[in-house]
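Worksheet: the structure to be examined is printed underneath.
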Amino acid sequence: MQRPAFIVDHLRSALVLVVALAAAAAAIAPAEASPASATDTNQGAVHRANPRGPVVWSHRGASKNAPEETTAAYERALADGADVLEGDLAQTKDGVLVVIHDNTLARTTNVEEVFPDRAPWNVADFTLAEIKQLDAGSWWDPAFAGQQILTLHEWFELNHGRAGLAPELKSPTLYPGMVENLAKELRAWGYTHDLKAKNRAPQIWVQSFDEAGLRQFHALLPEVPTLLLRSGYPFMTASDEVLTELATWTTAVAGNPVQTTASQVRRVQSFGLQVVSEVEDGPSLLSMIEHQGYDYMFTDVPNVAKAVLADKKPLRTNRGVIVDSVVYNPEGSDVAVNGGEYVALRNTTDKPINISGYTLREFGNTLLRVGDDAVIEPGSLHKVYVGPGTDRPNAHFNGLTTPVLADTVTDHIYLYNPDQVMEDLYSYIAS
Ligand code: G3P
Ligand code: CA
C-alpha cells in the first residue's frame, strides 16, 4: 500500500534534518545522563529519552480544556506544545478502530438520546455510520457541540505528523482482531519504525494494561515502541529478573511520582527501560516527575507541563480567584448534609469579586458549580461543597450523593471562568 504523502515528506525532511542536527546537537546538547549518575544502583548506563527533560504526552488530548479524544482536544494539545498525543482504541461492530476511552458510548456522547433502546451502548454494538451520528462534545460543554468520535485513520490525518501518537489497546480481549487491525493500519501509514517525532519522541508508541495483547502487538511490529501499564506500578520496584525480561520486548513501563524515588527511576532506566509517569496535572506533581528523571510526563494539561519545564508561571488567574485548599476527607460522610468534602476558593485581591458562572472540575471530570450570584469578599473564602445542603453567603452545595474528591493517591481541581478558560489548578497528595 502506498505510504501517505506527508509521511514521505516527513521522512525526507527528517533525513536532511538529522544530518544537520546531529552535528549541532553534539555541540550544544547537555551531557546525556551519565552512567555515573546511576551509581547508587549501579545497574549500568542510563540513557534518558531526552536529556533535556521529560517529553510531554497529552493524555486524551488537552482533556481538561476540551472534550477528551476529540479534534478540539487534540488541536488544543498541539497548540499547547504537546510532544505526543495519547488516545484509547475501541472497535466498532463493523471492525473499524475508533478513538474513545470507554467501552461504552454513554459517558462521552449523546448516544442515550439518539439510540434510546440500545443500552448499554457498547462501542462494539454500533457501526461506524451510527457512531458518526453522535455528538462527542456537548457532554463537556455546549460550546463543543458537533465534535465527533474519530477513527484511528482520522486521528492520523488530524495529527499529520505534528506530534508523536500513543494509541492505547484499552481492552483488546473485547474486540476480536483488534491487535492485528492496529498493526495493519500502522503498516499502511508507514509507522513500522521508531521514527523520531517532536522532542525526540517516537512517532508512534503503543501502550496497554493488557500484557498479552501488548506482547502480541510487539510480535507483529517489533520496531514500534511499547509501554506496559499496570495498576499499582509494580514494575518500579520489580526484581532484576523481571526488569531484564521486560527489557527484551517492551520499551517502557509506568510509574507514579508520588510512590517512586529518583533512584528507583534510574534503576529501571538502567535496565534499558524508559519510564513514563502516571497522569498528573498540578505544577508540583509535574515538577516531581521532572526532578525524579522520568523520560515521559503524562498530563491532561500540556500547557501547564510545558510552563513547568520552562520554569514559567503555568496559569494566570484573570480576576484574582484561586483554589485555596481542599477538604477531601472530613469526619463523617464525605457527602453529609450541610457538611462533607469541599473546595475552598479564595479572593486574593482587596476588592469583592462576583464569581457567578465560574465552575470547578476534578480529575474524574465531575462538574461543580460555585453558586448563583456568589461574591467573595477580599481575602475571604467561598466553600464549594460536593454534597447536599442549604447555601450560605460563603458556601454553595452541589447536592451530589457520591463523593468526588479522591481520598487516596492524588487528585486535581481545575477552576474555570465563565468563558471556560482554566484560571487555576490545585493538586493534592492524599496518601
Ligand atoms: O496511565 C496511562 C493511561 O493511558 C491510562 O489511563 O486514561 O486510559 O485510564 P486511562
Ligand atoms: Ca489511555
Side-chain angles (χ1 to χ4, degrees), residues 54-70 73-74 77 82-91 97-105 107-108 123 136 139-140 149-150 152 155 159 163-175 178-179 182 201-202 204-211 213-214 217 225-236 250-260 265 268 273-281 285-286 288-289 294-302 305 361-366 406 408-412 414:
V55 175
V56 174
W57 287 33
S58 195
H59 176 241
R60 310 187 199 175
S63 55
K64 288 296 183 284
N65 283 297
E68 65 187 50
E69 316 212 2
T70 62
Y74 290 120
D83 302 312
V84 176
L85 308 180
E86 190 260 357
D88 301 279
L89 299 182
Q91 192 165 281
L97 291 172
V98 288
V99 185
I100 180 172
H101 179 270
D102 298 2
N103 292 315
T104 167
L105 298 155
R107 181 177 63 86
T108 57
V123 177
W139 72 276
W140 177 263
I149 291 177
L150 299 166
L152 179 66
W155 194 40
N159 181 47
L165 290 174
E168 179 180 345
L169 290 162
K170 177 55 81 186
S171 305
T173 52
L174 287 184
Y175 304 105
M178 178 190 223
V179 175
L182 176 59
I204 195 80
W205 192 304
V206 176
Q207 38 157 355
S208 189
F209 283 94
D210 186 311
E211 183 170 339
L214 199 61
F217 174 82
T226 56
L227 162 62
L228 179 61
L229 301 163
R230 180 75 52 85
S231 299
Y233 312 100
F235 303 131
M236 298 307 296
T250 193
T251 316
V253 293
N256 183 336
V258 175
Q259 296 164 347
T260 53
V265 173
V268 172
L273 290 160
Q274 294 181 353
V275 185
V276 181
S277 77
E278 159 67 304
V279 180
E280 300 292 1
D281 291 347
L285 284 153
L286 294 169
M288 288 168 67
I289 294 167
Y294 279 71
D295 297 286
Y296 297 90
M297 183 181 271
F298 219 151
T299 185
D300 296 323
V301 283
R361 291 180 194 270
E362 64 81 51
F363 189 65
N365 289 328
T366 304
T408 57
V409 197
T410 60
D411 206 349
H412 311 274
Y414 315 82

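Keep in mind the model is a prediction, meaning the values are calculated, not measured. Counting convention: from 1, in listed order, for ligands and their atoms alike.
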**Prompt:** How would you list, by chain and number, every residue that makes a side-chain contact (heavy atoms from CB on, under 4.5 Å) with Thr70, sequence neighbours excluded?
**Reply:** Pro67, Ala72, Ala73, Ala136, Gln147

**Asked** With sequence neighbours excluded, what pairs up with Glu211 under the side-chain contact (heavy atoms from CB on, under 4.5 Å) test?
**Response** Arg215, Leu228, Arg230, Trp249

Closest contact, heavy atoms only, [X] versus [Y]:
{"X": "Ala201", "Y": "Val55", "result": "CB-CG1, 3.7 Å"}
{"X": "Ser171", "Y": "Asn103", "result": "OG-ND2, 3.0 Å"}
{"X": "Val275", "Y": "Gly255", "result": "CG1-N, 4.4 Å"}

**Request:** Output yes when Lys64 and Glu362 qualify as a salt bridge under the 4.0 Å nitrogen-oxygen rule, no when they do not.
**Result:** no

Would you mind listing each N/O atom of ligand 1 next to any protein N/O under 3.5 Å, plus the distance?
from     : atom 1 : to     : atom 2 : distance (Å)
ligand 1 : 4 (O)  : Glu86  : OE2    : 2.9
ligand 1 : 4 (O)  : Glu168 : OE1    : 2.7
ligand 1 : 4 (O)  : Gln207 : OE1    : 3.3
ligand 1 : 7 (O)  : His59  : NE2    : 2.5
ligand 1 : 7 (O)  : Arg60  : NE     : 3.1
ligand 1 : 7 (O)  : Arg60  : NH2    : 2.7
ligand 1 : 7 (O)  : His101 : NE2    : 3.4
ligand 1 : 8 (O)  : Asp88  : OD1    : 3.2
ligand 1 : 8 (O)  : His101 : NE2    : 3.2
ligand 1 : 8 (O)  : Glu168 : OE1    : 3.1
ligand 1 : 8 (O)  : Lys170 : NZ     : 2.6
ligand 1 : 9 (O)  : His101 : NE2    : 2.9
ligand 1 : 9 (O)  : Lys170 : NZ     : 3.4

**Asked** Are there any protein N/O/S atoms under 3.0 Å from the Ca ion (ligand 2), and if so, which?
**Response** Glu86 OE2, Asp88 OD1, Glu168 OE1

**Fill in**
Which of Glu168, His59, Arg60 passes side-chain hydrogen bond (donor to acceptor under 3.5 Å, both in side chains) with His101? It is Arg60

**Asked** Looking only at side chains, do Gln259 and Glu278 share a donor and an acceptor under 3.5 Å apart?
**Response** no

**Request:** Using side-chain contact (heavy atoms from CB on, under 4.5 Å) as the criterion, point out the one residue from Leu182, Asp210, Leu229 that pairs with Leu169.
**Result:** Leu182

